[in-house]
Amino acid sequence: MAPVVNPTETEISEKYDYDLIVVGGGSGGLAASKRAAALGAKVAVFDFVKPTPVGTTWGLGGTCVNVGCVPKKLMHQGALLRQHIHDAKIYGWKVGETETHVWEELVEKVQDYIGSQNFGFRVSLRDKGVKYINAYVTFVDQHTVKAVDKRGNVTFHTADKFIIAVGMRPNYPDIAGAKDYAITSDDIFSLPYPPGKTVVVGASYIALECGGFLNGLGFEVTVLVRSILLRGFDQECAERVGEYMKAEGVEFMRGFVPRKITQIEPGTPAKLKIEAKNNSTGEIAEIECNTVLFAIGRTACTESLNLESIGVKVNSKTSKVIVNEAEQSSVNNIYAIGDVIEGKLELTPVAVQAGQLLSQRLFGKGKVLMDYVNVPTTVFTPLEYGCCGYSEEDAHEKFGKDNIEVHHNLFQPLEWVIGQKAGVCYAKLVCKNDDNRVIGFHIIAPNAGEMTQGFALALRIGAKKEDFDSLVGIHPTNAEVFTVLDITKSSGKELVASGCGGGT
Ligand code: FAD
Ligand code: NDP
């Protein structure tokens with residue numbers, strides 16, 4: 001038998017068109033392709049957006065920048081400004097008695113910003129020497145892809161290695177009228193007319209964030225909740241987030257799932273009727289509205305990649321690519337990162353870091369694997385909810401209820417002590433009794449994302465409750481509440497919001 005001789009880098013480059021082809025130009029794909037090119041690899045990235053059922057499409061950059069984090073945060077900010085106008089009056093500012101919001105102006109500004117980002121991505125790929133091809137990719141074999149551009153031109157491209165970073169797209173339920181009359185998060189941020197009264201279906205991240213900013217911008221919002229709010233998150237915190245939204249005017253219909261959507265009158269927005277059924281009581285409800293927004297989960301975009309026929313294993317239930325701890329699929333030259341991989345987190349910074357580390361390992365001397373543990377996240381609901389590590393219920397399940405103590409309290413931001421809501425901001429640390437390590441951090445407050453980012457470092461390096469206690473607070477801030485969390489859940493002591501950040 002002939003000895004196995006590994007080809008040299010020059011031989012690989014001559015054998016294939018590229019050292020690396022990245023399929024998908026979103027958060028993960030762009031990060032991986034730029035890092036690989038910086039390390040000297042010959043790289044191409046293919047990105048193609050299939051229009052939504054109502055025809056929405058967008059440019060290079062993937063979900064986050066076009067139809068995800070970026071427009072969501074801008075619209076969240078737009079909604080918060082209404083609250084700030086209200087607060088300004090309390091602080092003595094004389095502003096008009098009634099404020100009006102022009103949806104089209106916000107959409108235009110948001111889309112202008114996104115357009116500048118799309119352009120910036122193209123420029124940075126060019127500057128880094130990455131070839132960008134706007135075409136839809138399907139695998140032909142382990143080293144070849146077929147690419148079809150928007151005019152239908154077909155080309156074939158080969159590479160030594162591949163990274164699949166195709167992300168996910170929103171689900172539609174199998175009910176009458178779903179694709180004819182409803183939209184998803186893929187459409188809302190560029191909707192050219194005000195959505196009007198909106199029914200949001202679903203109760204996770206995307207549903208509550210979209211419902212939250214639409215309500216804040218002045219639209220009537222009803223959320224159809226199939227079971228619980230924010231599945232996977234600390235349920236006490238999820239309920240507090242929901243209570244705040246309810247107090248802000250969002251209606252929650254618990255236990256209801258949609259059955260059909262009909263159009264009463266066309267228009268922009270149209271007049272629609274959504275019929276929903278309560279799964280436990282059997283009650284049927286008919287809601288008239290202008291927009292139905294589905295946020296009922298997302299499916300990985302692997303369906304037409306032809307992966308199974310080339311040996312790449314995909315979970316048939318989730319359509320996600322199965323990878324090992326080095327993000328390698330069942331075919332050894334094909335890797336996957338970001339939302340498309342099975343069992344990991346669907347977050348932009350995760351996709352970016354995993355992509356950079358993977359390229360570093362493939363084309364540099366990198367050895368570091370992506371660490372998917374203790375990743376912080378924030379739900380940008382009207383009152384933000386940031387967390388890192390275990391929820392209270394997951395900690396009970398993993399370590400046993402007797403080995404867990406929860407330290408918590410309500411607090412009142414100092415900015416809110418004149419005239420605004422009390423008893424809504426909440427801080428919680430989930431700790432292990434045996435070593436007093438903090439394994440769960442939870443905060444419901446304005447700017448929770450900013451606070452969570454820094455404290456996540458403490459969890460990452462194994463901070464204990466006494467480390468939080470000996471930390472000196474910054475006064476007056478909200479974050480200082482974590483230096484004085486002295487009510488344990490086991491004590492059953494009543495929570496009382498102190499004057500500011502919990503510090504005094
Ligand atoms: P994507 O960014 O989705 O990129 C995949 C790209 O591949 C897309 O451009 C797609 O069109 C393209 N593609 C697919 N198939 C093919 C093919 N066959 N050929 C060529 N191209 C193809 N995360 C956060 O961290 N913070 C947030 O606040 C946040 N908010 C979000 C809000 C919303 C409404 C949504 C939907 C998501 C949000 N996320 C947030 C999640 C975040 O957007 C994703 O985790 C991230 O974009 C995943 O990056 P990715 O590279 O895996 O995929
Ligand atoms: P999820 O899969 O997390 O949640 C789906 C929601 O829809 C659940 O509430 C679920 O209810 C409900 N649902 C599912 N099917 C139906 C149905 N047929 N009828 C009615 N309700 C239904 O999806 P999301 O789309 O909210 O989020 C996807 C991912 O995007 C998240 O995991 C997250 O990582 C990422 N993301 C991150 C954000 C951030 O960092 N701030 C913001 C937005 C998204 P049930 O609980 O009963 O199953």
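Just so you know, ligand 1 is whichever comes first in the structure, and atom 1 is the first atom listed for that ligand.
Among protein heavy atoms, the minimum distance from atom 11 (O) of ligand 1 is reached at Phe48 O, 2.8 Å. Protein heavy atom nearest atom 7 (O) of ligand 1, with residue, atom name and distance: Gly24 CA, 3.2 Å. Given atom 4 (O) of ligand 2, the protein heavy atom at minimum distance is Ser204 CB, 3.0 Å. In this structure, the protein non-hydrogen atom closest to atom 25 (O) of ligand 2 is Ile206 CD1, 3.2 Å. The shortest contact between atom 39 (C) of ligand 2 and any protein heavy atom is with Tyr205 CE2, 2.9 Å. Closest to atom 44 (C) of ligand 1, if we only count protein heavy atoms, is Asp339 OD2, 3.3 Å. Of the protein's non-hydrogen atoms, Asp47 OD1, 3.4 Å is the one closest to atom 6 (C) of ligand 1. The nearest heavy-atom contact from the protein to atom 9 (O) of ligand 2 is Ala203 N, 3.0 Å. Counting protein heavy atoms only, atom 30 (N) of ligand 1 is closest to Lys72 NZ, 2.9 Å. Atom 2 (O) of ligand 2 has its closest protein heavy atom at Gly297 CA, 3.6 Å. Scanning the protein for heavy atoms near atom 46 (C) of ligand 1, the closest one is Thr348 OG1, 3.5 Å. Protein heavy atom closest to atom 7 (O) of ligand 2, with residue, atom name and distance, is Ile296 CA, 3.1 Å. Nearest protein neighbour of atom 50 (P) of ligand 1, counting heavy atoms only, is Gly28 N, 4.1 Å. Counting only heavy atoms of the protein, atom 40 (O) of ligand 2 lies nearest to Leu347 CD2, 3.2 Å. The nearest protein atom to atom 36 (C) of ligand 1, hydrogens excluded, is given as Arg298 NH1, 3.2 Å; this is a heavy-atom distance.
Taking the six-membered ring for Trp, His76 and Phe213 have ring centres at least 6.0 Å apart. Aromatic ring centres of Tyr136 and Phe46 lie farther apart than the 6.0 Å criterion allows. Separation of the Phe411 and Tyr426 ring centroids does not fall under the 6.0 Å cut-off.
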**OP:** Report the C-alpha separation of Phe441 and Phe482 in whole Å, then their side-chain angles, then the decisive distance to 0.1 Å, and conclude whether the ring-ring contact (aromatic ring centres under 6.0 Å, His included) test is met.
**Re:** CA-CA 9 Å; Phe441 170 96; Phe482 285 104; 4.3 Å; yes

Subject >> Criterion salt bridge (charged side-chain N to carboxylate O under 4.0 Å, His left out) on Glu283 and Lys277, from CA distance to verdict >> reply: CA-CA 6 Å; Glu283 184 192 345; Lys277 184 178 178 189; over 6 Å; no

Subject >> Verdict with supporting geometry, Asp19 and Lys161, salt bridge (charged side-chain N to carboxylate O under 4.0 Å, His left out) >> reply: CA-CA 6 Å; Asp19 299 318; Lys161 296 184 173 68; over 6 Å; no

**OP:** Any chance you could lay out the salt bridge (charged side-chain N to carboxylate O under 4.0 Å, His left out) test for Glu220 and Lys197, step after step, and finish with the verdict?
**Re:** CA-CA 5 Å; Glu220 233 182 290; Lys197 180 177 175 187; 3.8 Å; yes

Subject >> ring-ring contact (aromatic ring centres under 6.0 Å, His included) evaluation trace for Tyr205 with Phe380 >> reply: CA-CA 8 Å; Tyr205 261 117; Phe380 294 94; 8.9 Å; no

**OP:** Start with the C-alpha gap between Lys320 and Glu346, add the side-chain angles, then the distance that decides, and say whether salt bridge (charged side-chain N to carboxylate O under 4.0 Å, His left out) holds.
**Re:** CA-CA 12 Å; Lys320 291 203 171 197; Glu346 295 154 8; 2.7 Å; yes

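With a 4.0 Å cut-off on non-hydrogen atoms, Pro173 does not touch ligand 2 at all. When heavy-atom distances to ligand 2 are checked against a 4.0 Å cut-off, Met168 has no atom that comes that close, whether in backbone or side chain. Both the backbone and the side chain of Thr63 come within contact range of ligand 1, each with a heavy atom under 4.0 Å. Neither the backbone nor the side chain of Ser304 comes within 4.0 Å of ligand 1, counting heavy atoms alone. Using a 4.0 Å cut-off between heavy atoms, Phe380 contacts ligand 1 through its side chain alone, with no backbone atom that close.
Counting the atoms of ligand 2 from 1 in the order shown, those under 4.0 Å from a heavy atom of Lys72 are 41 (N), 42 (C). Residue-ligand proximity, Arg231 to ligand 2, at heavy-atom distances under 4.0 Å covers atoms 45 (P), 46 (O), 47 (O), 48 (O). The atoms of ligand 1 that sit less than 4.0 Å from any heavy atom of Pro349 are 25 (O). Residue Leu305 has at least one heavy-atom neighbour below 4.0 Å for each of these atoms of ligand 1: 18 (N). Near Ala165, with a cut-off below 4.0 Å to any heavy atom, the atoms of ligand 1 are 4 (O), 5 (C), 6 (C), 7 (O). Ligand 1 places these atoms under 4.0 Å from at least one heavy atom of Phe46: 20 (C), 21 (N). Residue contact check: Glu346 has heavy atoms under 4.0 Å from atoms 41 (C), 45 (O) of ligand 1. The contact set between ligand 1 and Val49, taken as ligand atoms under 4.0 Å from a residue heavy atom, comprises 11 (O). Using a 4.0 Å cut-off to heavy atoms of Thr378, the atoms of ligand 2 that qualify are 39 (C), 40 (O), 41 (N). The distance from ligand 1 to the heavy atoms of Gly338 drops below 4.0 Å at these ligand atoms: 52 (O). With ligand atoms numbered from 1 in the order given, ligand 2 contributes 40 (O) to contacts under 4.0 Å with heavy atoms of Thr377. Close approach of ligand 1 to Leu347 (heavy-atom distance below 4.0 Å) involves ligand atoms 23 (N), 24 (C), 25 (O), 45 (O). Under a 4.0 Å criterion applied to the non-hydrogen atoms of Ser227, ligand 2 contributes the atoms 45 (P), 46 (O), 47 (O).
Among the candidates Asp187, Thr184, Thr57, the single residue satisfying the side chain to side chain donor-acceptor pair (under 3.5 Å) test with Thr52 is Asp187.
The closest non-hydrogen atom to atom 16 (C) of ligand 2, taken over Arg226, Lys344, Arg298, comes from Arg226. In the candidate list Ala351, Ala31, Gly25, Gly68, Gly68 is nearest to atom 32 (C) of ligand 1, counting heavy atoms. Nearest to atom 49 (O) of ligand 1 by heavy atom, out of Ser185, Ser27, Ala207, Gly449, is Ser27.
Contact annotation: Ala295 has at least one heavy atom less than 4.0 Å from an atom of ligand 2. At a 4.0 Å cut-off, not a single heavy atom of Leu345 sits close enough to ligand 2 to count as contact.
Summarising the geometry, atom CD1 belonging to Ile310 is positioned 3.5 Å from atom CD1 belonging to Ile334; distances are rounded to the nearest 0.5 Å.
Any N or O atom pair closer than 3.5 Å counts here, and Val379 shares no such pair with ligand 2. Polar contact with ligand 2: present for Glu346 (N/O pair, distance under 3.5 Å).
Counting heavy atoms from C-beta outward, Leu217 and Leu106 have side chains that approach closer than 4.5 Å. Residues Lys150 and Asn134 meet the side-chain proximity criterion, which asks for heavy atoms closer than 4.5 Å.
Ring planes of Tyr385 and His442: parallel class, angle under 30° (limits at 30 and 60°).
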